[in-house]
Number of protein chains: 2
Amino acid sequence: MAGTATTQERILDLAQQFIQERGYNGFSFRDLANGVGVKSSSIHYYHASKTHLALAVTSRYRKNFAAATAQLRKEIPAAPDLLKAYAQIFKSTFEDGKKVCLCAMLASDRDSIEEAVTDQVRAFFADQYGWLSSVVTDGISQGTVRDNVRPDDFAVLFFSALEGAMMVANANDRSADIDLVADQMIGLVLQTA
Amino acid sequence: MAGTATTQERILDLAQQFIQERGYNGFSFRDLANGVGVKSSSIHYYHASKTHLALAVTSRYRKNFAAATAQLRKEIPAAPDLLKAYAQIFKSTFEDGKKVCLCAMLASDRDSIEEAVTDQVRAFFADQYGWLSSVVTDGISQGTVRDNVRPDDFAVLFFSALEGAMMVANANDRSADIDLVADQMIGLVLQTA
DNA sequence: GTCTATAAGATGATAGAC
DNA sequence: GTCTATCATCTTATAGAC
């Protein structure tokens with residue numbers, strides 16, 4: 001399962017999974033150590049504190065997400081198809097073990113987390129707004145998106161709705177809600193609607 | 001501030017606030033006891049366990065929300081105005097101390113919470129879907145909402161987007177995002193758009 | 001109805017051996 | 001790089017006094 005992965009990678013993988021499933025306050029160094037198969041002191045060897053661990057996980061998540069969205073940009077030309085593919089990233093994350101967005105979890109736990117982590121969460125949100133906004137702007141130029149749609153505002157709407165959809169999908173065990181939400185929003189801005 | 005409130009009420013008030021701000025795992029009976037001004041054993045007198053406490057808070061929240069939305073129905077006739085007023089409930093909750101929806105927090109912490117609490121969360125979501133769906137159905141009859149909008153689907157979209165908007169608004173300290181999201185969605189289904 | 005006292009276990013973290 | 005051993009503190013929860 002994690003045959004070639006280093007201990008360091010397996011720690012980050014499981015920490016990310018725990019935050020996505022239980023939140024920052026929902027797991028301990030011991031849980032992590034047990035899952036990885038080492039002692040909790042070994043976790044401290046790699047990450048001085050829980051805050052440092054959260055920062056490492058968040059920074060990696062942000063980087064991976066940026067790579068994935070950049071790749072979509074290279075492969076898919078039409079804006080509506082890009083939005084659909086973007087929503088599929090969220091849906092896949094959810095179906096891969098009923099996990100919601102890492103940064104949504106950390107944003108929820110904000111009041112019990114150090115500010116440096118929230119800074120990373122905000123940076124992730126800004127990344128997403130930038131990508132979505134540029135996709136919509138291109139869509140208007142292409143003629144695939146209605147020209148009365150405001151890219152920055154729609155980016156906030158699309159992203160918020162997707163994050164909210166993951167939250168309710170998780171509570172209701174209904175991943176189809178993610179498609180339901182994404183498809184409605186894409187339909188509403190389509191030039192041909 | 002809480003001059004006439006009973007200890008029981010003050011416990012529920014603060015417990016709700018803590019869950020909304022920090023999540024279910026982000027506060028302890030001690031925090032609660034210190035805030036209310038009693039000992040943690042007194043919290044146990046009213047609520048046998050943390051699960052029971054969460055159930056009491058959630059059940060009261062659901063009841064209060066039902067009363068508030070029923071009242072809106074009596075006072076406001078037009079569907080778009082009702083949707084706007086509904087969104088204002090969320091915005092007010094947020095501005096009253098940067099709090100997000102209680103049930104959104106509990107839904108996020110689902111994997112570390114007993115199923116009975118999640119049942120209440122799901123019931124709350126179902127309440128909201130029912131109310132929103134009926135408002136949109138009436139809006140179509142009134143002619144204030146476009147007749148190609150599907151009430152059940154739009155209820156999921158509107159609610160998900162509002163919940164997601166609160167989450168990002170909280171991370172970014174930007175309550176205006178809640179209006180931004182609500183106004184765009186209402187605009188998109190308006191008959192006169 | 002609220003308290004003191006206490007239990008048994010979990011928590012993040014550290015020092016030092018191998 | 002990973003371990004054992006230990007820490008002070010916090011956790012939910014209970015028994016019984018006032």
Side-chain angles (χ1 to χ4, degrees), chain A residues 1-19 21-58 60 105-106 109-118 120, chain B residues 2-19 21-58 60 105-106 109-118:
Chain A
M1 195 214 246
T4 58
T6 64
T7 299
Q8 164 75 304
E9 287 167 337
R10 279 154 60 216
I11 290 172
L12 288 179
D13 287 345
L14 190 57
Q16 177 176 332
Q17 183 187 323
F18 278 162
I19 296 175
E21 286 175 354
R22 317 181 189 174
Y24 181 80
N25 296 306
F27 74 102
S28 71
F29 272 53
R30 271 181 172 73
D31 296 332
L32 208 45
N34 288 343
V36 171
V38 294
K39 295 294 165 180
S40 68
S41 50
S42 298
I43 312 288
H44 279 285
Y45 169 74
Y46 294 101
H47 306 282
S49 71
K50 205 176 182 184
T51 296
H52 285 87
L53 172 64
L55 281 172
V57 170
T58 313
R60 190 186 65 157
M105 291 301 278
L106 291 172
D109 290 337
R110 178 182 177 184
D111 285 6
S112 49
I113 293 184
E114 289 197 31
E115 194 67 8
V117 179
T118 303
Q120 281 291 312
Chain B
T4 58
T6 64
T7 298
Q8 163 75 305
E9 286 166 339
R10 279 154 60 215
I11 289 171
L12 288 179
D13 287 344
L14 190 58
Q16 178 177 330
Q17 183 187 324
F18 278 162
I19 296 174
E21 286 175 354
R22 318 180 187 176
Y24 181 81
N25 296 306
F27 75 101
S28 70
F29 273 53
R30 251 198 188 82
D31 297 332
L32 208 45
N34 289 342
V36 172
V38 294
K39 296 293 164 182
S40 68
S41 49
S42 298
I43 312 288
H44 279 285
Y45 169 74
Y46 293 101
H47 306 283
S49 70
K50 204 176 182 183
T51 295
H52 285 86
L53 172 64
L55 281 172
V57 169
T58 313
R60 191 186 65 157
M105 290 301 280
L106 290 171
D109 291 337
R110 178 183 177 185
D111 284 6
S112 48
I113 291 184
E114 289 197 32
E115 194 67 8
V117 179
T118 301

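Residue B:S42 has no polar side-chain atom (N or O) positioned under 4.0 Å from OP1 or OP2 of C:dG1. Using a 4.0 Å cut-off, no side-chain N or O of B:S28 falls inside it from OP1 or OP2 of D:dC10. For C:dG1, the OP1/OP2 oxygens have a side-chain nitrogen or oxygen of B:Y45 closer than 4.0 Å.
Nearest-nucleotide positions on DNA chain D place A:V38 closer to the 5' end than the other of A:V38 and B:T51. Remark on DNA chain D: of its neighbouring residues B:D31 and A:G37, the 5'-side contact belongs to A:G37, judged by nearest-heavy-atom nucleotide.
Put simply, the side chain of B:S41 and the base of C:dT4 share a donor and an acceptor less than 3.5 Å apart.
Counting heavy atoms of neighbouring residues, nucleotides and ligands inside a 6.0 Å radius, atom CD of B:Q8 exceeds 12 of them.
At least one donor-acceptor pair closer than 3.5 Å links the side chain of B:D109 to the backbone N or O of B:Y24. Using modelled atom types, one side-chain atom of B:D31 and one backbone atom of B:S28 make a donor-acceptor pair closer than 3.5 Å.
Ring-plane geometry between A:H44 and A:F29 is classed as parallel, the angle between the planes falling under 30 degrees on a 0 to 90 degree scale with a further cut at 60.
Taking atom CD1 of A:I43 as the reference point, atom C1' of C:dT11 lies 14 Å away to the nearest angstrom. Atom-to-atom, CG of A:L53 to P of C:dT11 comes out at 14 Å; the value is rounded to the nearest Å. Atom-to-atom, CD1 of A:I11 to C1' of D:dG1 comes out at 10 Å; the value is rounded to the nearest Å. Atom NE2 of A:H52 is separated from atom P of C:dG12 by 16 Å (rounded to the nearest Å). As a whole-Å value, the separation of A:R30 CZ from D:dC7 P is 14 Å. Rounding to whole angstrom units, CG of residue A:L32 and C1' of D:dT2 are separated by 15 Å. Put simply, CG on B:N34 is 11 Å from P on D:dC10, counting in whole angstrom units. Rounded to an integer number of Å, the gap from NZ of B:K50 to C1' of D:dT14 is 18 Å.
Within 4.0 Å (heavy atoms only), B:F29 reaches sugar-phosphate atoms of the nucleic acid but no base atom. Within the 4.0 angstrom heavy-atom criterion, base atoms lie near A:K39.
Of the candidate nucleotides C:dG1, D:dT14, C:dA13, D:dT14 has the atom lying nearest to any side-chain atom of B:H44.
Salt bridge present: A:R60 and A:D13 bring a charged side-chain N and a carboxylate O closer than 4.0 Å.
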